[in-house]
Amino acid sequence: MPAKSLEQVVNLCKTRGFVFPGSAAYGGVASFWDYGPLGVEMLNHVKRIWWQESVYARDDMEGLDAAILMSRKVWQHSGHEATFTDPLVDNRETKRRYRLDHLLKRQSAEVLEAICDILKPAPTFTAPSRQATISPDPEALASALIYHYREVQTHFSASTDQMKSENAAILMDVFGLTEDEVRRASADSPVPRADSKMFEPEQRDPLTAAAVLDPADGKPGKWTAPRQFNLMFVTHVGPVEAAPNTPEEIAARAYLRPETAQGIFLNFKNVQRSMARKVPFGIAQMGKAFRNEITPGNFIFRTREFEQMEIEFFIKPPQFTGEGEKTDEQWHEEWIDQRYRWWLRYATPPTAGNVEMEEIEERFRKRAQAADELAHYAKATTDIEYKFPGSLSWGEIEGVANRTDFDLTAHSGDVPEEDLKRLKLEPNKDSNQTFDYFDPDAKQRYVPWVIEPSAGVTRAMLTFLCEAYDEEVVKEPTKQEIDQIKSDAAMIKNNAEKKIKAAEKDAAAGKETKHDPVQVRAFLDQLEDVVNRLPESLDEVLLTLDHPGAENLEPVKKFRVPTEKFMEEVSRTVLRLHPALAPIKLAVFPLKKNKPEIVEMAKGIKRMFQKHFRTVYDDSAGIGRLYRRQDEIGTPYCITVDFESLEDRTVTVRERDTMEQERVAIDDLKDYLFTRLDI
RNA sequence: GCGGGUGUAGCUCAGUGGUAGAGCAUCACGUUGCCAACGUGAUGGUCGUGGGUUCGAGUCCCAUCACCCGCUCCA
């Protein structure tokens, strides 16, 4: 059974040294996490099994590690600078937030025309070239609106004016520019400053004036101005600090890469030539990537700093594929399948039976993205998703995209007109290379197409942790103990019923209520369901107490402590990780720590293995507790040295999932463990 | 950014204006012949931060910071 709530996994991670909140001493920074001693082991294992399968096990792959910082031009031509920004608007009435272009797509033609009518006479669009940009096409209209609102804000916002004059002062003082040069440098304000009558009232807020409807309630919203969210982290190359938006600052600007893929595209020819590769072949890369996510969260599921494992697999374009050769669509399918099997293989411990394997498979699925979900570069994308516990539920863990020849063409300097048109690209005047390939077999020159399987390392770790987490009942609870829980639950119910009545009475009298009757009722229903299914549902009892409706109920508080203690007695927490993923592979214990010969022998066995994989020695508790501790962090094997060991040089090897023990000679240990750990 | 919630020991939390607590964890000593045993003791806190009310504030008031959940998304 996998984790029932994300909370369980988060707690385990924090207490057992997998993941710690970042910068905790200073109150923490949302979305940044530090990986502890066990976390770093596991991340390394995830990366290792991926690299082994993606690079070593194949004949058609090479590796790469490109720089995190690249020329800003890379991101201009890849489309990220223009597309990796989301203009968002809020409805002050419904408190809903939308992406502007998505919102416009859901408006009627009349509304879109109304917006155009408002924009056309506005001073923002008086220039003929600007006038042409106004059209009822949602995407074009979105960018026109963003530009328009920014101009409006520039003219009415005091703080913006102030910032502008400060910037101007710095430019003049420090860089010695004239007033005229400052005006030209400041590309953000092509419209001269005017008095407040410059914009008609409806021109100040076209979205609200044109009665743009909120899809949530179908009524016209009270909209905020669209704000641009650039999802890329900006930094500067060079130690000189320049004032914002000055030419010096803009020239030094760089982005932390939002994906590792572009580094591969730029090195396509380097790798192909130096390794004498023929298409089809692929390049794999792992590394950190950074995205200023608007909403990070769900623990390490979506973070602003994360690590990717990406493959760009270069294939023949469809128009050149001959008889019997795989098409782009077939290659796409093959990679989806390949990657899906990888996820399943490492989510399944070797001890799993057929029933377990089927259950695991049900929590992984492939999902083809709909046309309107696709990224700007993709022809088709299929996501591999995992059913995470709790509200997170189905979440993407890998995307396998058909990126066509978009990226390689976008970075090429010399591209035929028809290809630019087909890919909706502008000619690239910055690049001095053409990323094409001469196919010696077909005797043709072409820009390869690309299939991209792209997964997150940290997200993979979360996936495997959630899937491996189990709270197993190991000691059959007595009927008496079950009855105790039942009677406690009955008491909670009694008390809660009273609180519900009181709350309803207060609510009727217009008074503030301490309890939300609906929530409390929902909690009671859940509790009843769990109690009815006892003892099978034993592991759900404590989780139920976290229900929002259980808050502020006295009997619940009293119930929690003894129940927690009871649960600790009858159950064990075990991470059923695939051995390849387990942070610690082996733990060695002495049965008696005050018998020096036993201790010495145990430490000797630890030394035998520690250079091969992470091995620990522990004698700080009774043998039962030592086993449980290792179960909790997924250590697949424990070795115990006892009195018999001193006589015949055999030890007890205990397996994590089955808790079965086997007597193994010390001399056979290496064989025994290496085969089972697949090392 | 908006709405809601939470900040007390390493963790989970109790503390309803009057001496800062419990369980777990950690450490030491003793005991312990294979699945979260026991005994004794110890370590650990400017109660998120700043201000106010009060004889007295963890508790009431104001401000502020941080984190969590929801909204946009996606590896």
Side-chain angles (χ1 to χ4, degrees), chain A residues 7 10-12 14-16 20-21 23-24 26-31 86-100 102-103 216 224 227 229 231 258-261 289 291 293-303 306-310 369 373 375 381 383-385 390-391 394-401 452-460 462-463 474-475 542 546 548 551 554 557-558 560-562 564-565 567-573 589 591-595 598 620-632 638 640-644 652 654 659 661:
Chain A
E7 205 60 33
V10 174
N11 284 338
L12 178 71
K14 285 182 185 167
T15 54
R16 299 309 308 270
F20 305 119
S23 311
Y26 292 96
V29 188
S31 173
D86 289 340
L88 302 177
V89 292
D90 292 315
N91 183 353
R92 294 192 199 91
E93 305 267 327
T94 60
K95 308 292 179 199
R96 292 277 177 154
R97 171 174 283 185
Y98 299 95
R99 238 175 82 170
L100 179 59
H102 287 182
L103 181 66
T224 62
R227 282 182 304 273
F229 285 69
L231 299 189
E259 62 170 14
T260 61
R291 294 179 190 175
E293 299 285 352
I294 309 154
T295 316
N298 281 318
F299 192 41
I300 54 172
F301 181 76
R302 178 171 290 119
T303 52
F306 64 108
E307 194 159 17
Q308 291 188 307
M309 306 181 283
E310 292 196 302
Q369 281 191 11
E373 285 182 81
T381 298
D383 292 338
I384 298 172
E385 298 186 326
S391 60
W394 288 104
E396 184 193 346
I397 51 177
E398 174 151 6
V400 185
E452 178 202 77
S454 168
V457 179
T458 38
R459 207 173 263 193
L462 183 64
T463 304
V474 284
K475 206 187 278 173
L542 281 173
D546 293 334
E551 259 178 87
E554 277 307 317
K557 289 178 189 170
K558 285 191 188 125
R560 186 189 287 271
V561 174
E564 273 173 0
K565 210 167 176 183
M567 283 308 296
E568 271 196 12
E569 265 175 51
V570 300
S571 68
R572 65 163 184 158
T573 301
F589 314 134
L591 189 60
K592 247 176 107 73
K593 70 173 162 189
N594 44 15
K595 187 89 181 165
I598 293 186
S620 64
I623 194 73
R625 170 176 296 234
L626 294 177
Y627 285 145
R628 291 290 187 273
R629 261 187 213 160
Q630 297 302 324
D631 287 344
E632 203 180 356
C638 294
T640 302
V641 177
D642 56 21
F643 292 91
E644 213 184 312
T652 305
R654 180 250 196 199
M659 298 197 286
Q661 302 188 346

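Numbered from 1 within each chain, the chains take letters A, B, ... in sequence-line order.
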Practice task
Could you encode protein contacts along nucleotides 29-41 of chain B as a string, one character per nucleotide from 5' to 3', using B for base contact, S for sugar-phosphate-only contact and - for no contact, with a heavy-atom cut-off of under 4.0 Å?
Solution key: ---BBBBBS----

Practice task
Mind running salt bridge (charged side-chain N to carboxylate O under 4.0 Å, His left out) on A:Asp631 and A:Arg654 for me, showing each step along the way?
Solution key: CA-CA 11 Å; A:Asp631 287 344; A:Arg654 180 250 196 199; 2.7 Å; yes

Handout entry: Side chains of A:Thr652 and A:Gln661, donor plus acceptor under 3.5 Å
Key = no

Problem - Nearest-Å distance once atom C1' is located in both B:U64 and B:G10 - result: 27 Å

Handout entry: Residue matched to B:U64 through Watson-Crick or wobble contacts both under 3.5 angstrom
Key = B:G48

Practice task
Tell me which of A:Glu396 and A:Thr15 sits closer to the 5' end of RNA chain B, going by the nucleotide each one is nearest to.
Solution key: A:Thr15

Problem - Gap between atoms CZ and P, on A:Phe306 and B:C73 respectively (whole Å) - result: 16 Å

Handout entry: d(NZ, A:Lys14; C1', B:C11) in whole Å
Key = 10 Å

Exercise for the section: If B:C55 has a Watson-Crick or G-U wobble mate with both distances under 3.5 Å, name it; if not, just say none. Expected result: B:G18

Problem - Pairing of A:Lys595 and A:Asp642 as salt bridge, 4.0 angstrom limit - result: no

Handout entry: Polar side-chain atom of A:Glu396 near backbone of A:Gly399 as donor-acceptor pair, under 3.5 Å
Key = yes

Exercise for the section: Quick one: label A:Thr303 by what it contacts on the DNA or RNA (base, sugar-phosphate, nothing), any heavy atom closer than 4.0 Å. Expected result: base

Exercise for the section: Starting from P on B:A75, measure out to CG on A:Leu231 and report it in whole angstrom. Expected result: 11 Å

Exercise for the section: Can you tell me, in whole Å, how much space there is between the P of B:U59 and that of B:G18? Expected result: 11 Å

Practice task
Using the P atoms only, state how far B:G17 lies from B:G3, rounded to an integer number of Å.
Solution key: 30 Å

Handout entry: Opposite nucleotide pairing with B:A75, Watson-Crick or G-U, both atom distances under 3.5 Å
Key = none

Problem - Euclidean distance for C1', B:C67 against B:G48 (whole angstrom) - result: 10 Å

Exercise for the section: Return yes if a side-chain donor-acceptor contact under 3.5 Å exists between A:Glu310 and A:Thr260, otherwise no. Expected result: yes

Exercise for the section: Write down the distance separating the P atoms in B:C13 and B:U72, rounded off to the nearest Å. Expected result: 28 Å

Handout entry: For atom CZ of A:Phe301 and atom P of B:C74, their distance in whole Å
Key = 12 Å

Practice task
Please state the P separation for the pair B:U53 and B:G58 - nearest whole angstrom.
Solution key: 16 Å

Fill in the blank from the handout: Answer for the Watson-Crick or wobble partner of B:G23, both distances under 3.5 Å, is B:C11

Exercise for the section: Determine the contact category for A:Phe589: base if any of its heavy atoms lies under 4.0 Å from a base atom, sugar-phosphate if only primed atoms, P, OP1 or OP2 are that close, otherwise nothing. Expected result: nothing

Fill in the blank from the handout: Taking a pair to mean Watson-Crick or G-U wobble geometry with both distances below 3.5 Å, B:G3 pairs with B:C69

Handout entry: Nucleotide forming a Watson-Crick or wobble pair with B:C29, both distances under 3.5 Å
Key = B:G39

Problem - Gap between atom CZ of A:Phe20 and atom OG1 of A:Thr15 - 0.5 Å precision - result: 9.0 Å

Fill in the blank from the handout: Separation of B:C74 atom C1' from A:Ile300 atom CD1, nearest Å, is 16 Å

Exercise for the section: May I have the distance from A:Asn11 (atom CG) to B:C11 (atom C1'), rounded to whole angstrom? Expected result: 8 Å

Handout entry: Any donor-acceptor N/O pair, A:Arg572 side chain to A:Arg628 backbone, under 3.5 Å
Key = no

Exercise for the section: Check whether NZ of the Lys or CZ of the Arg A:Arg459 lies under 6.0 Å from the centre of the six-membered ring of A:Phe301 and within 45 degrees of that ring's axis. Expected result: yes

Practice task
Take A:Glu7 and A:Ser454, find for each the nucleotide of RNA chain B with the closest heavy atom, and name the residue whose nucleotide sits nearer the 5' end.
Solution key: A:Glu7

Practice task
Go through the side-chain N and O atoms of A:Ser620 and A:Arg629 and say whether any donor and acceptor fall under 3.5 Å apart.
Solution key: yes

Practice task
For B:A42 and B:C60, measure between their P atoms and round to the nearest Å.
Solution key: 34 Å

Problem - Pairwise P distance for B:C62 and B:C38, with rounding to whole Å - result: 48 Å

